[in-house]
Amino acid sequence: MKRVYNFSAGPSMLPEPVLKRAAEEMLDYKGSGQSVMEMSHRSKIFESIITECEERLRRVMHIPSNYKVLFLQGGASSQFAMIPLNLMNGSGRADFVITGQWAKKAFAEASRYGKCTAVASSADKTFTYIPKLDPSTFDKDADYFYICLNNTIYGTKWTELPETGDVPLVADISSCILSEPLDVSKFGLLFAGAQKNIGPAGLTVVIIREDLVGHARDITPTMFNYQTHVDHNSMYNTPPCYSIYICKLVLEWLEEMGGVEKMAEINREKAKILYDFLDSSKLFHGTVEKEYRSLMNVPFVTGNDELDKKFVKEAEAAGFVNLKGHRTVGGMRASIYNAMPIQGVKDLVAFMKDFEAKNA
Ligand SMILES: *Cc1c(COP(=O)(O)O)cnc(C)c1O
């Protein structure tokens with residue numbers, strides 16, 4: 001068996017011990033005589049899985065007790081509608097910072113439900129930085145203030161959170177959840193599609209402050225009302241059972257590794273190896289302003305489209321897959337989420353050095 005190093009932005013690599021555990025437990029989960037995919041979500045045994053998954057997530061993220069944790073479906077993209085339906089219930093206005101495609105999509109969707117204002121944007125330089133904010137331009141009566149904490153496509157991350165006062169801060173953390181410590185108490189709502197850093201596709205994690213639940217508009221579909229899922233502990237209907245189970249295994253692995261704090265150390269080390277090489281290379285260079293570099297998604301180019309293509313092709317043949325950059329940026333992008341081992345990044349850099357020697 002030969003496994004590749006998968007640098008995909010998502011779905012992405014899962015830790016090998018997690019896949020092995022899932023394989024071992026596939027036919028007979030803990031003596032139940034069935035796989036987790038087959039069992040009733042109302043069974044005691046599945047209840048123990050979802051309960052443990054929530055407990056572990058609360059522990060590793062230090063989630064305060066006045067926050068609810070929800071395991072939903074519909075991907076991060078459904079949250080683009082669910083958030084305004086549930087939160088845009090006072091002034092009917094919200095502030096956004098446009099730092100990439102995902103923030104743009106969230107802004108467009110929320111604009112269908114209320115008045116959205118882009119208080120800042122980095123579109124002028126293809127989203128290669130996080131814009132400086134002027135808090136005097138923030139709407140004091142906004143129902144929420146929206147950011148995308150790590151910009152998966154462009155490879156930037158926020159280094160400092162906006163000061164929004166009493167206005168709840170909402171953040172898309174799809175591509176940075178569990179990558180480094182985050183003070184949950186600074187946010188009104190956090191959400192993440194699982195398929196980047198926490199499990200397989202099909203699961204969306206929402207962390208919401210209690211007081212923000214229960215004010216959805218009357219027209220809100222039952223399934224899009226946070227209250228529905230809070231009332232039923234994410235089991236109003238059939239939850240994404242298998243994805244929740246894998247998420248639980250990922251959290252177990254993470255805790256064994258030393259938690260989010262230790263993960264952050266490893267992630268900084270991995271990112272440094274790649275960025276240091278990009279900064280010293282005569283062929284490759286990073287596309288993002290240094291200050292805002294993401295720990296998770298690293299876009300880079302040679303400056304020559306043909307050479308970029310050649311690199312992606314040869315890298316794939318050598319077992320480094322999905323390095324092609326997003327179509328709006330071009331070049332390459334290496335997504336180095338929690339499950340990417342340090343060795344994967346070291347080997348990639350060695351391969352890049354070799355390619356540079358042959359092509360510079
Ligand atoms: C991938 C991604 C999304 C979209 O997630 P889906 O689960 O496919 O809807 C949204 N926001 C960010 C930051 C992402 O990386």
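In each ligand, atom 1 is the first atom listed, and ligand 1 is the first ligand listed. None of these values were measured; they are calculated from a predicted model. Residues take their numbers from the sequence shown, with the count starting at 1.
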Output, or 'none' if empty, a list of ligand 1-protein atom pairs in which both atoms are N or O and the distance is under 3.5 Å, rounded to 0.1 Å.
| unit_1 | atom_1 | unit_2 | atom_2 | d |
| --- | --- | --- | --- | --- |
| ligand 1 | 7 (O) | Ala76 | N | 2.9 |
| ligand 1 | 7 (O) | Gln195 | NE2 | 2.9 |
| ligand 1 | 8 (O) | Gln195 | NE2 | 3.3 |
| ligand 1 | 9 (O) | Ala76 | N | 3.2 |
| ligand 1 | 9 (O) | Ser77 | N | 2.8 |
| ligand 1 | 9 (O) | Ser77 | OG | 2.6 |
| ligand 1 | 11 (N) | Asp172 | OD2 | 2.6 |
| ligand 1 | 15 (O) | Thr152 | OG1 | 2.5 |
| ligand 1 | 15 (O) | Lys196 | NZ | 2.6 |

(message) Can you classify the ring geometry of Phe277 versus Phe284 as parallel (below 30°), tilted (30 to 60°) or perpendicular (above 60°)?
(response) tilted

(request) Give every residue pair that meets the salt bridge (Lys or Arg N to Asp or Glu O under 4.0 Å) criterion with at least one member in residues 158-174, sequence neighbours excluded. (result) none

(message) Taking salt bridge (Lys or Arg N to Asp or Glu O under 4.0 Å) as the cut-off, I'd like each qualifying pair that reaches into residues 59-82, sequence neighbours left out, listed once.
(response) Arg59-Glu255, Lys68-Glu210

(request) Could you please spell out the steps behind the side chain to side chain contact (heavy atoms under 4.5 Å, CB included) verdict for Leu251 and Cys53? (result) CA-CA 7 Å; Leu251 292 166; Cys53 188; 4.0 Å; yes

(message) Given Asn150, which partner from the list Glu180, Lys196, Lys157 fulfils the side-chain contact (heavy atoms from CB on, under 4.5 Å) test?
(response) Lys157

(request) Sequence neighbours left out, what passes side chain to side chain donor-acceptor pair (under 3.5 Å) with Asp354? Give chain and number order. (result) Lys358

